[in-house]
Each structure stands twice: as C-alpha cells, then as structure tokens.
Amino acid sequence: ALPICRAEVVTVDTTNILFIASGAFNALEKIVGRRTKKKQLGFGIKTPSESSVSMESLEEGGDPFEALAFKSKATSKEELEARDRLFEQVEARDLIDFGIIPEFVGRLPVVVSLHSLDEEMLARILNEGKGALIPQFKTLFALDNVDLLFTDDSLNSIARQAMEKQTGARGLRSILERLLLESMFDVPDSEIRCVCIDEDTVEGKKSAEYVYGAKRGSEEEAEVNRALGSV
C-alpha cells in the first residue's frame, strides 16, 4: 500500500498580523454601478465642457483631428473619475458578486479603494521612490560612462502615453525600453558621452540627441584611476 502523505500543519498566532488583500478588481465598478443604479461606464460618455470645446474648435476653423484627440483625452479622464466614485461605494456583497467566497470576505473587515493614477502621479513614479525606472536606466548608461538626461516635458509625455494606452504604471517600462532601444545599441564602444531625451523624442518627432566627447583609452583611464587612488 502507498503511504499517505499528509501536509505539515503550522499553527500561527495572527493576533498582531495585518493581512492586506489588494488587486485591480477589473469590472468591479460595473457590479457597484448595477447595485447603485448608476449609469454604466463605457465609450461615448460626453460632458458639457468636452462637447463645447470640441464645437468651438471646429467653429473657429480648428483641426477636427485635434478636437477629436481632446475629446478622447477628456473622456478617458471622466471615465477614471467616475470609476473612482463607484469604487468608493464598494461593499462586501459587491466582492461576493465579483466571485470572492463569503468566508474570505467576512475575514476582511475593512474595504478601501485607491484613486486611479493620473498623469502627474505616473511622472513621479518614473523618477521618485525605490526602484524608480529613470534611475535604473541612468545606471545602465553610466556603465558606458554616458549620462542620460530627461526633460520634465518628456516625463509628462511618457506618462501621457501610459494614460492613453490605459496600461498604468506597468506600461512605463515598455515605453522607456522602446524609447531608448536605439540609444542602447549606439552607445557601447562609441564617443557618445550624453543622451538627451525631450518631448519631441518621446512623441517620435525626432531621434534622441547625442553629445559626443573624446573617448578615453584603457591606458589613460588606468592612469587616472591610479592617480585617484594615490590621492
């Protein structure tokens, strides 16, 4: 007969342990909207300010594509604000309807919601905090003695692209990697000393700007290191 394998049971005192269950909970706002009988989110939501600005742009002979771009941006912002308002009304029964078992929901006495990330927050995520993406790429370029510079407008443009793609903070790395891909191939074994990224570079209107300088030879670099070590 085969031996019966029994999992080892470990008893843990959870008196002083705080359990946090977090996630995106995609489409949970629709469940809350049905319960509160609010209008569902979706494409085509219009606001008075959005319609008036679009009409003014067309009446003044403006570019219809520019007006359409503004409309899309405004709609996305309104959708995020409406989504946040619905999340603020989440109750335990909404989580049960979402698919979480009642026994688990009953052990989570406090339910809170977080606001959606806006353009300003995404720009701060790029450059602030532990594990920020911009310092990581600057360190990568520094291995080749190259400085990597971003303008404030370029950071806002990167954040704006993430908002338009609705990828949130997770999409920032892919945007940066696509943006710096060509530079990462050009920098090694070259005389490039600095890579400059501005808003036009992020929007694809031009390539990254390079600043060239004399490349140090291995002997010269060794002499500099010895001189620094002797100081």
Side-chain angles (χ1 to χ4, degrees), residues 22-29 41-45 47 50 53-54 63-84 87 113-212:
S22 62
F25 296 97
N26 188 31
L28 178 60
E29 69 276 6
L41 298 177
F43 297 103
I45 298 178
T47 61
E50 174 189 340
V53 173
S54 299
D63 186 356
F65 294 101
E66 182 179 354
L68 182 62
F70 176 85
K71 177 179 177 181
S72 176
K73 181 179 179 180
T75 302
S76 178
K77 183 179 180 180
E78 290 294 329
E79 287 182 354
L80 290 177
E81 292 177 353
R83 185 171 181 263
D84 291 341
F87 270 133
S113 62
L114 301 178
H115 289 168
S116 301
L117 295 175
D118 56 18
E119 184 177 318
E120 181 181 357
M121 293 179 183
L122 289 173
R124 293 182 58 186
I125 290 174
L126 280 170
N127 213 22
E128 298 179 12
K130 184 179 180 181
L133 294 175
I134 296 298
Q136 290 183 27
F137 280 94
K138 286 186 176 182
T139 302
L140 181 63
F141 277 79
L143 296 176
D144 293 304
N145 296 321
V146 176
D147 295 326
L148 179 61
L149 302 179
F150 286 86
T151 63
D152 293 338
D153 292 337
S154 67
L155 298 181
N156 294 332
S157 182
I158 294 172
R160 194 179 308 117
Q161 287 189 13
M163 290 284 294
E164 293 173 354
K165 296 179 179 180
Q166 298 183 357
T167 54
R170 294 182 180 90
L172 294 174
R173 178 177 289 276
S174 62
I175 296 175
L176 280 174
E177 289 179 347
R178 175 185 55 80
L179 179 64
L180 298 173
L181 179 62
E182 183 178 354
S183 299
M184 286 190 287
F185 279 99
D186 293 340
V187 162
D189 299 325
S190 70
E191 296 183 357
I192 299 174
R193 297 277 70 90
C194 183
V195 178
C196 303
I197 305 295
D198 58 13
E199 184 177 8
D200 290 339
T201 305
V202 177
E203 294 179 354
K205 297 179 180 179
K206 67 175 185 179
S207 301
E209 295 183 359
Y210 296 155
V211 177
Y212 294 87

Atom CD of Glu120: over 12 foreign heavy atoms under 6.0 Å:
no
Crowded around Asp152 CG? As in, over 12 foreign heavy atoms under 6.0 Å?
no
State, with a plain yes or no, whether a side-chain heavy atom of [X] is found less than 4.5 Å away from one of [Y].
| X | Y | result |
| --- | --- | --- |
| Arg173 | Arg178 | no |
| Val146 | Val195 | yes |
| His115 | Arg83 | no |
| Glu177 | Leu181 | no |
| Leu176 | Gln136 | no |
| Tyr212 | Arg193 | no |
| Val202 | Asp153 | no |
| Ile192 | Phe141 | no |

Can you tell me which residue among Thr151, Leu180, Leu149 is in a side-chain contact (heavy atoms from CB on, under 4.5 Å) with Ile197?
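The single option meeting the side-chain contact (heavy atoms from CB on, under 4.5 Å) with Ile197 is Leu180.
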Between Glu203 and Lys206, does a salt bridge (Lys or Arg N to Asp or Glu O under 4.0 Å) hold up when you go through it step by step?
CA-CA 8 Å; Glu203 294 179 354; Lys206 67 175 185 179; over 6 Å; no
Do Ser183 and Tyr210 have side-chain atoms, one donor and one acceptor, less than 3.5 Å apart?
yes
Establish, from distance only, whether the side-chain atoms of Asp198 and Thr201 form a donor-acceptor pair under 3.5 Å.
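Judged by distance alone, the side chains do pair up.
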Could you grab the distance from atom [atom1] of [X] to atom [atom2] of [Y], nearest 0.5 Å is fine?
| X | Y | atom1 | atom2 | answer |
| --- | --- | --- | --- | --- |
| Leu148 | Leu140 | CG | CG | 9.0 Å |
| Lys138 | Leu133 | NZ | CG | 12.5 Å |
| Leu117 | Arg124 | CG | CZ | 11.0 Å |
| Ile175 | Glu164 | CD1 | CD | 9.0 Å |
| Lys165 | Leu172 | NZ | CG | 10.5 Å |
| Ser154 | Glu199 | OG | CD | 8.5 Å |

Look only at the side chain of Asp84 and the backbone of Ser116, and say whether a donor-acceptor pair between them is shorter than 3.5 Å.
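Judged by distance alone, yes, a pair lies under 3.5 Å.
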Which atom names give the shortest non-hydrogen contact between Phe87 and Phe25, and what distance separates them?
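Scanning both residues completely, I find the closest heavy atoms to be CZ-O, 3.9 Å.
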